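All remarks here apply to the structure that follows.
In this chain, numbering begins with 1 at the start of the sequence shown. Whatever order the structure lists ligands and atoms in, that order sets their numbers, starting from 1. For clarity, every value in this text was computed on a predicted model and none was experimentally measured.
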Amino acid sequence: MLKVAKFGGSSLASSEQMAKVGAIVRADKSRRYVIDSAPGRRFSDDTKVTDLLYKCYDAAAGGENIDAKIDEIRGRYQEIVDGLKIKFDLDTEFAVIKDYFLRQAGRDYAASRGEYLNGKVLAAYLGFRFIDAAEVVLFDSHGNFDAERTNEVCRERLKNVEYAVIPGFYGSMPDGSIKTFSRGGSDITGSIVSRAVRANVYENWTDVSGCLVADPHIVEDPETIETITYRELRELSYMGASVLHEDAIFPVRVEGIPINIRNTNRPEDDGTMIVESTIKSPAHVITGVAGRKGFCSVNIDKAMMNSEIGFGRKVLQVFEENGISFEHTPSGIDTFSVIVHQSEFADKEQDVIAGLHRAVDPDHIYLESDLALIAIVGRGMKNAAGTAGRLMSALAGAGVNIKMIDQGSSELNIIVGVRNDDFKASIKAIYDEFVGKERK
Ligand code: ASP
């Protein structure tokens, strides 16, 4: 058994949290490769070290004195080192960091120091080897992640290393400079290392006991999802459920390695397993529900449009020419609607209307704003009759007017469009129908 364990920022935010991480890693000898984040928030309005580093670097680039800012960051590590009672030379590390900041080594370099230093501290605490991610996570000269080279180099480098800490979030470019992934990117590093070492499982330790069926800010105490497929998770993440960085699925997917989301503060919980496929029946017809606000609908009426070949293409081309991506295109015999992000559309609405007139000569165009899209996702829906019916009646029962409905061809999801104002009531009603009722 071989496990890669990635710990998020809140799991490594203080010496107290680091001690929990130490206990988790030591409790299982198969946790051989540990990926760390930078120290995250210790309390709700705390600042992540990554953000402190960005600010400090920007101040340096603006010619300001950065001593106080460096001290603040150093203070975060000092607490960890002191609390864990380990010997660690922060003076030398921070002298180098300050020097590089003043020499303007780049914002990515700056941000990466959060993971780099935390990794060194954690390695010292665990007695593991520290391997710099700059050696094993590689980007090409255009700054794109080089998956195949990384996989080879990382596999080779770790072949004879039994226990190691590898910092998350960054790697290096061919010229040796540091490059980071987008925010939250330590999740990707965990996945990359899992693929390279062919781990049996990629454990992703965070501050929740797995993925929840619904947003806990909307539904009180929602159920945890026991098992979810990569595809279901992707649908839910796209619609706003945030557990893992979106790109973290791809490396492990190549090798079919499951991801286990676990809670550092409740290691006794099983968490959520994210898998390619499973014969395990889901606990409910739906695996999860998630949604996003801020969409609008561009509705185009034209008599007999259904017989006009190329109508849809011409409409979508107008959106393409205006640089707007579309989400859905519900259509009827004489109507065609395009659902888009309101923020992308707002500045261009009049250009789009004029463009549509030129392209398809419609009878009438009208816009509808402030819509929310809600996805109910579940591999169980394929074999369950009446899911759409239950969904409709749950929403009707909550007094919600459905503006649009779209069932994906994979039968993995049903998307409904409702007014922004009905968003929360809709999620609650859906949760109650498919999960809450069955729990009672
Ligand atoms: N520390 C980085 C961030 O705050 C990366 C990560 O935590 O995954 O985004």
Side-chain angles (χ1 to χ4, degrees), residues 4-14 17-18 20-21 33-58 69 72-77 79-80 93 97 101 105-123 130-134 136-137 139 143 145 150 154 165-172 178-195 202-208 211 233 237 241-252 259-265 274:
V4 169
K6 180 258 167 179
F7 292 89
S10 59
S11 302
L12 298 167
S14 63
Q17 289 300 92
M18 275 253 191
K20 292 183 193 169
V21 168
Y33 302 109
V34 173
I35 314 300
D36 65 283
S37 275
R41 291 193 191 96
R42 294 157 295 179
F43 39 86
S44 64
D45 56 358
D46 196 15
T47 310
K48 294 179 177 183
V49 162
T50 308
D51 291 306
L52 295 177
L53 287 162
Y54 278 126
K55 269 196 209 134
C56 181
Y57 184 78
D58 291 344
K69 288 191 166 65
E72 186 184 357
I73 298 165
R74 193 200 145 108
R76 297 285 287 266
Y77 290 96
E79 186 280 321
I80 295 173
E93 295 289 351
I97 289 175
F101 275 33
R107 276 190 114 227
D108 282 15
Y109 165 81
S112 74
R113 295 306 88 182
E115 271 71 9
Y116 171 84
L117 260 187
N118 227 17
K120 282 198 140 178
V121 171
L122 184 59
F130 172 81
I131 293 189
D132 192 349
V136 292
V137 176
F139 292 82
F145 171 57
T150 294
C154 189
V165 174
I166 303 140
F169 189 39
Y170 72 94
S172 65
I178 296 291
K179 166 104 187 118
T180 63
F181 292 111
S182 57
R183 295 298 303 265
S186 298
D187 285 341
I188 309 173
T189 312
S191 185
I192 290 167
V193 173
S194 299
R195 176 186 173 195
Y202 166 25
E203 292 181 338
N204 189 292
W205 291 84
T206 175
D207 51 9
V208 287
C211 312
L233 183 72
S237 313
S242 62
V243 237
L244 260 193
H245 190 292
E246 263 204 286
D247 298 339
I249 299 283
F250 299 111
V252 284
I259 306 173
N260 186 194
I261 308 284
R262 301 285 296 264
N263 189 347
T264 300
N265 304 314
I274 306 168

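Ranking the protein heavy atoms by distance from atom 3 (C) of ligand 1 puts Arg183 NE, 3.2 Å first. Protein heavy atom at the shortest distance from atom 7 (O) of ligand 1 is Ser37 OG, 3.1 Å. When hydrogens are left out, the protein atom nearest atom 6 (C) of ligand 1 is Ser186 OG, 3.4 Å; that is the closest non-hydrogen contact. Of the protein's heavy atoms, Glu115 OE2, 3.3 Å lies nearest to atom 5 (C) of ligand 1.
For the pair Arg195 and Tyr202, the cation-pi criterion (under 6.0 Å, within 45° of the ring axis) is not fulfilled.
Where the criterion is an N or O separation shorter than 3.5 Å, residue side chain and backbone included, Asp187 fails it with respect to ligand 1. For ligand 1, the polar-atom distance check finds no N/O of Phe169 at less than 3.5 Å from any of the ligand's N/O atoms.
Checked against a 6.0 Å centroid threshold, the rings of Phe181 and Phe145 count as neighbours. You'll find the ring centres of Tyr57 and Phe101 inside the 6.0 Å limit. You'll find the ring centres of Tyr116 and Tyr109 outside the 6.0 Å limit.
Look at Gly184 and you'll find a heavy atom under 4.0 Å from some atom of ligand 1. Using 4.0 Å as the threshold, Gly114 has no heavy atom nearer than that to any atom of ligand 1.
Between Ser191 and Ala248, the shortest heavy-atom distance links the atoms OG-O, 2.6 Å.
Without hydrogens or angle criteria, Asp36 side chain to Gly119 main chain gives a donor-acceptor distance under 3.5 Å.
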